[in-house]
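Predicted model only: the values in this text are computed from it and were never measured. Lettering follows sequence order; numbering is per chain, from 1.
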Amino acid sequence: MEQQIRYTLGKEERLKSRKAIEQLFKEGKSLSVFPLRVIYIFSKEPPSLTEPCVPVNKPCIKAGFTASSRNFKKAVDRNRIKRLMREAWRLQKHALQLPVSQHGELAVFFVYVGKELPEYELIFEKTALTIKRFIKLINENKG
RNA sequence: UCUAUCAGCCAGGCCAUCGUUCUCCUACAGGAGGAAGGAAAGUCCGGACAGCAAAGGGCAACACACCGGUUAACGGCCGGUCCCGGUGAUACGGGGAGAUAGUGCCACAGAAAAUAACCGUCCCGCUGUUGAUGUUAUUGUUUUUGUUUACAAAAACAGCGGGAUAAGGGUGAAAACGUGAGGUAAAUGCUCACGAUUAUUAGGGGUAACCUUAAUAGUGGGUAUACCUUGUGUGCUGUAAUGCCAUGUACACCAACGCCUGAGAGCGGCCCGUUCGAUGUGCCGGGUUAAACCGGCGCAGCGUUGGAGGGUAGGCAGCAAGAUCAUAACAGUAAUGUUAUGGCCAGAUAAAUGAUGGCCACCCCGAAUUUCGGGGCCACAGAAUCCGGCUUAUGGCUGAUAGAUUUU
RNA sequence: GGCUGCGUAGCUCAAUUGAAUAGAGCAUUUGACUACGGAUCAAAAGGUUUUAGGUUUGAAUCCUAACGCGGUCA
């Protein structure tokens, strides 16, 4: 049986520390794939010096998701958007895993900036697009 | 069938794949089990629990207000009662201390908005004018008649003073019980009849609010959702409360004791009373992940002894077995309570419950009436310490009553 | 999670010790002035006082509930 990819998104793979998120918003770069706005940061330390970042054991991509309460006043809508984004990320992030693990660590934060409730298909497509752009970015940095 | 009002119920079920979170097991591959609501919402009330050294008294402030019951508690709920609206109907909806404790307010209009004032009406007295009529005296003339003067004076008018009035006075939301009769100088519940209404007393019913009968005394405008008075209740702040752990750093850190003085501070509104009382404190800049900390300026008593103290980022507790849930029986009109049996039912912290598919049930449409095909499977909406209510949002179903329409 | 304040013309604000017609400035429209425009002058229109109940003879104002928008504590 060819190693089946486990599409997981546990606690380890999400941004949970308030401090880390504040730092990300302060120093991170951003790109925008409407209706998503993506804020990200690469940590420079080579993986060998800090705790070993082996793809199987320790995840090296951390992600967070949010939707503004200015655009969506109801908690139900915000939860729905975050869940859809999480689901799309969960199914597609494996494409990034290998390139990133060779390079360092990545922290990503997705902000939904649209003003209407999206369909799942739209979120899925846009997430795929962002991942492509990330891969491109990593390749440029190498070169 | 539709509409209106009221009351009650439900918020699909099962299976599979990939994921999330918590707990347990484990051979660390994984496996098993639990995982949003009737409103989780608004934060409008009431509690539990915690802190404020202790939580004492008074005042203030706030809330509530027919009666009884219910409860841990409530401003909630249940039952009753009176008033108003409303109906075929005690179906239904709304309201309820005090205006006779006091103060304030009631625009415009109106005589007047609560004192009964003003106009007007009536009575008495005084003064003045006119003066029917009467009496007496004087003067002139011989007398009579007549004239003049003085006095008295019915009545009328005017003025002043005193008193009686609330019947009348175009208004207004509201005008000092209403209608009729008698009575009076003129009038008035002044008296009488009928009616309305308030209070007290007595009898009857009811735990009570209240109902009812009789007697007596009244008829004092409205507004307390103006201030207020009376009664009852509440100390204040809130789980981001609060307690504990531990990294690293700096030291005018902390604790105890003593002396002069009593600045000041606390008891989260104020006072009394009481307690604390000095290496402190205010501002600005730097520093730290954060706090400790450093420097400057201002105000300000010190000393001795001891060893840990303060504080935040993070973690743990608080934090999931309870005014608990389900079923049954009993008590009660009911809210609710008691007993028995069984169950354990979210616990995250940038914050878990999602994505996809199938079947059944339900609804709609078409064929057709056994059944088949297609579509829908929703609305409002997401726990953050936990409970009891209230309010608001919202889909469907059922029942009761009334009305309308159609068919028989 | 708690506390607290506000909502008036298209905009910025008055009127908040209840009193009948809700006022001012800017903006808008029309007219005058000008060759034209601006400025200026004159006039007009524009309000269910956020919504729904209640108290009152009478509510922008008082009371209750809802909706919306801020501020603040940690």
Side-chain angles (χ1 to χ4, degrees), chain A residues 1-139 141:
Chain A
M1 185 146 102
E2 175 79 56
Q3 276 99 323
Q4 234 178 336
I5 304 167
R6 293 205 60 233
Y7 302 97
T8 59
L9 188 64
K11 254 185 175 177
E12 302 277 294
E13 300 173 68
R14 277 179 288 158
L15 273 170
K16 305 214 49 129
S17 156
R18 185 186 207 89
K19 214 175 99 188
I21 290 160
E22 272 170 16
Q23 192 188 356
L24 176 62
F25 271 89
K26 235 178 187 176
E27 301 169 14
K29 297 175 181 175
S30 76
L31 56 90
S32 158
V33 182
F34 189 82
L36 302 175
R37 180 182 163 77
V38 185
I39 298 162
Y40 64 96
I41 190 164
F42 287 101
S43 59
K44 300 260 170 161
E45 296 108 56
S48 56
L49 283 181
T50 57
E51 311 123 49
C53 178
V54 187
V56 185
N57 293 339
K58 288 267 173 180
C60 36
I61 308 178
K62 289 195 169 194
F65 309 86
T66 196
S68 135
S69 66
R70 183 160 302 199
N71 294 336
F72 301 94
K73 288 180 182 169
K74 292 171 191 170
V76 179
D77 297 339
R78 291 197 299 275
N79 281 352
R80 171 106 191 130
I81 290 162
K82 285 192 273 185
R83 281 165 184 164
L84 291 178
M85 290 197 290
R86 219 178 281 135
E87 180 71 6
W89 177 253
R90 178 175 74 83
L91 294 175
Q92 298 178 72
K93 70 170 165 43
H94 64 274
L96 265 176
Q97 216 129 37
L98 204 77
V100 170
S101 63
Q102 292 168 350
H103 198 256
E105 287 185 10
L106 176 64
V108 204
F109 208 91
F110 289 85
V111 182
Y112 188 83
V113 289
K115 298 204 171 165
E116 286 170 12
L117 260 178
E119 292 291 315
Y120 175 64
E121 282 82 36
L122 182 87
I123 299 276
F124 192 86
E125 279 172 33
K126 297 295 177 183
T127 309
L129 237 168
T130 36
I131 285 170
K132 273 182 195 170
R133 284 183 69 169
F134 268 124
I135 291 171
K136 203 174 162 193
L137 260 172
I138 290 166
N139 289 338
N141 275 13

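In a base pair of the Watson-Crick type (N1 to N3 plus N6-O4 or O6-N4) or a G-U wobble (N1-O2 and O6-N3), with each distance short of 3.5 Å, B:C190 is matched with B:G182. Of the nucleotides present, none pairs with B:A73 by Watson-Crick or G-U wobble criteria with both distances under 3.5 Å. Nucleotide B:A224 is matched to nothing when pairs are restricted to Watson-Crick or G-U wobble geometry with both distances under 3.5 angstrom. As the counterpart of B:A265, B:U275 is assigned, both hydrogen-bonding distances of the Watson-Crick or G-U wobble pattern falling under 3.5 Å. Across all strands shown, B:U370 forms no Watson-Crick or G-U wobble pair with both key distances under 3.5 Å. Across every strand in view, B:G125 sits in a pair with B:C160 that passes the Watson-Crick or G-U test at under 3.5 angstrom.
The stretch residues 75-87 of chain A participates, sequence neighbours left out, in these side chain to side chain donor-acceptor pair (under 3.5 Å) pairs: A:E87-A:R90.
For the salt bridge (charged side-chain N to carboxylate O under 4.0 Å, His left out) test, no residue two or more places apart in sequence or in another chain qualifies with A:K126. Partners of A:Y112 by ring pair (Phe, Tyr, Trp, His ring centres under 6.0 Å), not counting sequence neighbours, listed by chain and number: A:F72. Scored by the side chain to side chain contact (heavy atoms under 4.5 Å, CB included) test, A:Q92 finds A:A88, A:F124, A:T127, A:A128, A:I131 as partners (sequence neighbours excluded).
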Write down the protein N/O and nucleotide N/O pairs, taken from nucleotides 353-356 of chain B, whose separation is under 3.5 Å; answer none if there are no such pairs.
from, atom 1, to, atom 2, distance (Å)
B:U353, OP2, A:R83, NE, 3.0
B:U353, OP2, A:R83, NH2, 3.4
B:G354, O3', A:R80, NH1, 3.4
B:G354, N2, A:R90, NH2, 3.4
B:A355, OP1, A:R80, NH1, 2.2
B:A355, OP1, A:R80, NH2, 2.8

Report, one line per pair, each donor and acceptor closer than 3.5 Å where one atom sits in a side chain of residues 30-38 of chain A; sequence neighbours left out.
none

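In this structure the side chain of A:L96 reaches within 4.5 angstrom of the side chain of A:I138, judged on heavy atoms.
If you measure from atom CH2 of A:W89 to atom P of B:U20, you get 15 Å, rounded to the nearest angstrom.
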